[in-house]
Amino acid sequence: MSHALPTQPSACSRPDPAAVARALSRLAQASAAPWLHGEIARRMVARLAAIRRQPRTVIDWWSFTGGAQQLLAAAYPTARRLLVEPTSALRARSEAGLARPWWSLRKGARAAVIDVSEARGTEADLLFANMTLHAEADPLATFVRWHDALAVDGFLMFSTFGPDTARELRALYRASGWGEPACDYLDMHDLGDMLLQAGFADPVMDMEQVTLTWAGPRELLSELRGLGGNFHCRRVAGLRTPRWHARLLESLATHVQRNGRLAVTFEIVYGHAFKPAPRVPAGRQTAIGVEALRSMARSGRRPTEGSARSAAA
């Protein structure tokens with residue numbers, strides 16, 4: 001890539017860990033992952049068909065949040081699956097989903113739920129991380145963690161929100177002086193450069209825009225809350241008043257309308273890369289004399305280290 005290596009974003013431009021923790025706590029009580037996450041998971045798994053190598057071990061990062069458990073199980077029925085969860089509540093949730101009654105006749109590959117810290121050194125052939133990176137406070141550190149979890153030639157596939165996400169809400173909040181409605185999501189080129197910094201090879205990045213629509217502002221706000229809510233540390237502190245909430249509903253109905261429905265754009269960034277073999281340091285430089293080369297060429301011999309040193313002497 002031709003882009004300069006990115007500087008790490010300022011602390012306040014990244015997700016507030018306390019807000020992320022609250023969102024994960026709410027998600028652990030939900031009946032399923034957000035609809036948008038499930039839709040992106042289907043699109044990502046469809047892309048996996050281009051990879052001919054069948055992985056023996058698959059890591060499903062923040063598995064319940066990503067909404068791809070059943071899709072990955074169907075795509076790789078013989079693979080060992082490791083479901084990585086960031087909190088104890090989500091670990092319990094995923095473990096309950098894996099439990100089967102003793103009389104069940106279903107047979108499948110081994111699956112286990114593990115902590116984030118347990119993923120290191122697992123030497124997975126595929127690490128799948130759907131719609132989780134934008135909730136990480138340090139994306140470069142997350143890339144390094146993913147690199148450590150993969151085997152050599154292992155494949156990483158991930159998705160995340162891009163900077164054009166919720167542009168309609170950003171314009172509305174900016175005009176109304178309401179602070180920030182969402183985090184400052186990273187551009188796909190910066191993410192690609194971070195992949196290289198973390199040790200990955202051949203990163204490929206692309207994006208698409210998905211527009212969701214709702215009949216009214218309450219439905220819109222409910223779905224945004226289900227997606228995690230506002231992680232930005234510069235969001236307005238404290239509780240909003242009922243008067244402000246009424247003004248928000250009115251403003252959304254007026255300024256976020258498209259063809260009779262309320263619409264918000266989501267930029268989805270996709271990335272994939274390989275973990276290359278470690279680079280072998282170059283050995284000592286060897287010099288061979290011209291006459292020695294001619295002699296060896298006539299005799300068909302190959303130079304050895306000792307003969308190279310004597311020929312160069």
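Given the structure is predicted, the values throughout are model-derived calculations rather than measurements.
- Using modelled atom types, one side-chain atom of S159 and one backbone atom of M131 make a donor-acceptor pair closer than 3.5 Å.
- Every residue two or more places apart in sequence or in another chain that forms a side-chain contact (heavy atoms from CB on, under 4.5 Å) with E208 is listed here: R43, V210, I268, Y270.
- Not one N or O on the side chain of R81 forms a donor-acceptor pair closer than 3.5 Å with the backbone of V113.
- When the salt bridge (charged side-chain N to carboxylate O under 4.0 Å, His left out) test is applied to R145, no partner is found at least two apart in sequence or on another chain.
- Contacts of D148 classified as side-chain hydrogen bond (donor to acceptor under 3.5 Å, both in side chains), with partners at least two apart in sequence or in another chain: none.
- A heavy-atom distance below 4.5 Å is found between the side chains of V264 and V256.
- With sequence neighbours left out, the side-chain contact (heavy atoms from CB on, under 4.5 Å) criterion links R56 to D125.
- Contacts of R167 classified as salt bridge (charged side-chain N to carboxylate O under 4.0 Å, His left out), with partners at least two apart in sequence or in another chain: D164.
- Judged as a side-chain hydrogen bond (donor to acceptor under 3.5 Å, both in side chains), and not counting sequence neighbours, the contacts of D206 are R47.
- Other residues, nucleotides and ligands contribute only 12 or fewer heavy atoms inside 6.0 Å of the CZ atom of R225.
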Please set out all donor-acceptor pairs under 3.5 angstrom arising from side-chain atoms of residues 26-34, sequence neighbours excluded.
residue	atom	partner	partner atom	Å
R26	NH2	G228	O	3.1

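- Residues T213 and L220 are not in side-chain contact: their nearest non-hydrogen atoms beyond the backbone lie 4.5 Å or more apart.
- Listed by chain and residue number, R258 satisfy the salt bridge (charged side-chain N to carboxylate O under 4.0 Å, His left out) test with E168 (two or more places apart in sequence, or in another chain).
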Should R247 and E250 be marked as a salt bridge (Lys or Arg N to Asp or Glu O under 4.0 Å) after you check the CA-CA gap, both sets of side-chain angles, and the distance that decides it? CA-CA 5 Å; R247 184 183 173 191; E250 181 182 355; over 6 Å; no
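- Atom CZ of R53 has more than 12 neighbouring heavy atoms from other residues, nucleotides or ligands inside a 6.0 Å radius.
- The aromatic rings of W178 and Y173 lie perpendicular to each other, with more than 60° between the two planes, well past the 30° mark.
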Evaluate the side chain to side chain contact (heavy atoms under 4.5 Å, CB included) criterion for residues F200 and L156: first the C-alpha distance (whole Å), next the side-chain angles of each, then the deciding distance (0.1 Å), finally the verdict. CA-CA 9 Å; F200 284 98; L156 166 68; 3.7 Å; yes
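- Applying the side-chain hydrogen bond (donor to acceptor under 3.5 Å, both in side chains) test to H147 and every residue at least two apart in sequence or in another chain returns nothing.
- Annotation: side-chain hydrogen bond (donor to acceptor under 3.5 Å, both in side chains) contacts of R170 (sequence neighbours excluded): none.
- At a cut-off of 3.5 Å, with distance as the only test, no side-chain donor of T165 or E267 sits close to an acceptor on the other residue.
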Side-chain donor/acceptor pairs under 3.5 Å, residues 57-65, sequence neighbours excluded:
residue	atom	partner	partner atom	Å
D60	OD2	S63	OG	2.6
S63	OG	Q69	NE2	3.0

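- F274 pairs by the side-chain contact (heavy atoms from CB on, under 4.5 Å) definition with F155, not counting sequence neighbours.
- The shortest heavy-atom contact between P217 and L252 is CB-CB, 3.9 Å.
- Looking at heavy atoms from C-beta onward, L133 lies out of side-chain contact with F161 at the 4.5 angstrom threshold.
- Relative ring orientation between Y185 and H134 is described as perpendicular, the plane-to-plane angle rising above 60° on a 0-90° scale split at 30° and 60°.
- With a 6.0 Å radius and a threshold of 12 heavy atoms from other residues, nucleotides or ligands, Q70 has its CD atom at or below the threshold.
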